[in-house]
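First comes the structure, then the notes that go with it.
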Amino acid sequence: YNVDEEAALLVEINIDKGKSIKVGNLMIAGIEEDLVLKVLPRLNLSKKGWFSSPLFSEEALNEDLERIRKYLREEGFPLAEVSVDQKEQVGNKDAVRLTLNVETGPKAVVSSIAFVGNRNYETAELLPHLGLAVGDSLNARKINTSVQNLRDWYDAQGYSQAQINARTTGTSERQALRIDITEGDKGTIRKIIIAGNSITDEELVRNALT
């Protein structure tokens, strides 16, 4: 509103907040019980306090739906979707009963594994240390673990600066895994200096080194 200098505009906002709605019951349908037990602790709408049930809001519901989608996709279900299959108020109308319907879709599997950039070790040497094989189910956690496994192995071979990254291509069900490797230079021990051994003989210390 535009008003002149001598005028004043009073805006009054009247709010009737009504009753607060709680989550009376929350169920997840469409997935196995072990997945339900892993998903529920991640949801705000399932976290009850000592004396009260969680409050319901559309914003909290949408955030929880996205949490379920994200978790399932990280677990290897790239097409996972979740929706509110049923939402109704119960009892004295201050509580809501929710049923979330999950469709996981097909689980992604490893269709092929390729190493790129490995100069000193053949694919056959690297595969056992990756921890993944063709036909295994694939998810973000397994990829990260496999990359770390390979970094640790390279480090044990003296390549402490090796850079290893992974990426996937393909359909939602069959994922080709590509491991890009920059090995860098191999570190070797040039000299070992032992200091501070005023009591223990140096040769005894050296004999104990691996």
Side-chain angles (χ1 to χ4, degrees), residues 23 26-47 54 57-85 98-184:
V23 179
L26 175 64
M27 297 188 65
I28 300 178
I31 55 178
E32 299 294 332
E33 182 180 357
D34 61 332
L35 270 178
V36 173
L37 294 176
K38 293 177 181 177
V39 166
L40 277 176
R42 301 170 182 270
L43 307 183
N44 285 332
L45 293 180
S46 68
K47 294 177 180 177
S57 71
E58 292 292 339
E59 181 180 6
L61 174 60
N62 291 332
E63 288 176 353
D64 279 352
L65 295 180
E66 185 56 34
R67 284 189 181 95
I68 297 176
R69 289 190 196 98
K70 182 179 179 181
Y71 175 76
L72 290 175
R73 289 174 180 179
E74 289 175 348
E75 286 299 303
F77 299 96
L79 300 180
E81 288 296 342
V82 56
S83 60
V84 184
D85 189 54
L98 298 172
T99 301
L100 309 183
N101 189 49
V102 178
E103 295 182 9
T104 60
K107 196 162 190 175
V109 298
V110 182
S111 61
S112 64
I113 299 175
F115 296 93
V116 178
N118 47 309
R119 296 179 293 108
N120 297 294
Y121 301 100
E122 298 294 334
T123 295
E125 295 178 87
L126 299 178
L127 270 176
H129 307 287
L130 190 63
L132 273 176
V134 173
D136 288 351
S137 61
L138 189 65
N139 57 46
R141 176 172 42 80
K142 286 185 176 181
I143 292 175
N144 293 335
T145 300
S146 296
V147 168
Q148 189 57 53
N149 288 343
L150 208 53
R151 284 198 187 111
D152 292 343
W153 184 80
Y154 260 102
D155 182 63
Q157 311 312 307
Y159 294 91
S160 59
Q161 303 302 315
Q163 298 179 21
I164 302 172
N165 297 286
R167 54 179 170 169
T168 59
T169 57
T171 66
S172 57
E173 297 179 47
R174 295 180 58 79
Q175 295 280 315
L177 180 63
R178 169 174 165 161
I179 310 294
D180 292 301
I181 301 173
T182 303
E183 293 175 340

Let's go through N44 and K47 carefully: what are the C-alpha distance in whole Å and the side-chain angles of both, what is the deciding distance for side chain to side chain contact (heavy atoms under 4.5 Å, CB included) to 0.1 Å, and is it a yes or a no? CA-CA 5 Å; N44 285 332; K47 294 177 180 177; 3.7 Å; yes
Would V102 and V39 count as a side chain to side chain contact (heavy atoms under 4.5 Å, CB included) if you check the C-alpha gap in whole Å, the side-chain angles of each, and the deciding distance to 0.1 Å? CA-CA 11 Å; V102 178; V39 166; over 6 Å; no
Do E81 and R73 pass the side chain to side chain contact (heavy atoms under 4.5 Å, CB included) test, and can you show the C-alpha distance, the side-chain angles, and the key distance before you say yes or no? CA-CA 9 Å; E81 288 296 342; R73 289 174 180 179; 2.9 Å; yes
Determine, step by step, whether E74 and N139 satisfy the side chain to side chain contact (heavy atoms under 4.5 Å, CB included) criterion, reporting the C-alpha distance in whole Å, the side-chain angles of both residues, the deciding distance to 0.1 Å, and the verdict. CA-CA 5 Å; E74 289 175 348; N139 57 46; 5.8 Å; no
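The distance from the CD atom of E173 to the OG atom of S111 is 11.5 Å, given to the nearest 0.5 Å. Taking CZ of R69 as the reference point, atom OG of S83 lies at 8.0 Å (rounded to 0.5 Å). Distance check, rounded to the nearest 0.5 Å: CG of L26 to CG of L40 gives 6.0 Å. The CZ atom of R42 lies 15.5 Å from the CG atom of L45; values are rounded to the nearest 0.5 Å. Note that the OG atom of S146 and the CZ atom of R141 stand 10.5 Å from one another [nearest 0.5 Å]. How far CD1 of I179 is from OG1 of T168: 10.0 Å, rounded to the nearest 0.5 Å.
The number of heavy atoms from other shown groups lying within 6.0 Å of CD (Q161) does not exceed 12. E125 CD: more than 12 foreign heavy atoms inside a 6.0 Å radius.
Between L130 and W153 the shortest side-chain heavy-atom distance does not fall below 4.5 Å. For the pair I181/Y121, no side-chain contact is recorded, criterion being any heavy-atom separation below 4.5 Å from C-beta on. Side chains of H129 and Y154 form no contact here, defined as non-hydrogen atoms less than 4.5 Å apart. At least one side-chain heavy atom of L150 sits under 4.5 Å from a side-chain heavy atom of F115. At least one side-chain heavy atom of V84 sits under 4.5 Å from a side-chain heavy atom of L100. Within the 4.5 Å cutoff, no side-chain heavy atoms of T169 are placed close to those of R178.
Between the side chains of N62 and E58, no donor N or O sits under 3.5 Å from an acceptor N or O.
Smallest separation of non-hydrogen atoms from V82 and L65: CG1-O, 3.2 Å. The two atoms that bring D136 and G131 nearest to each other are OD2-O, 4.5 Å, heavy atoms only. Heavy-atom minimum distance, D64 versus R67: OD1-NH1, 2.8 Å. Closest heavy-atom contact between S137 and K142: OG-NZ, 2.6 Å. In this structure, G76 and P78 approach most closely via the heavy-atom pair O-CD, 3.2 Å. Nearest approach of L72 to A80, heavy atoms of both residues: CB-CB, 3.6 Å.
Between I28 and the choices L35, L37, L43, the side chain to side chain contact (heavy atoms under 4.5 Å, CB included) rule is met once, by L43.
In this structure, the side chain of R119 does not engage the main chain of E183 through any donor-acceptor pair within 3.5 Å.
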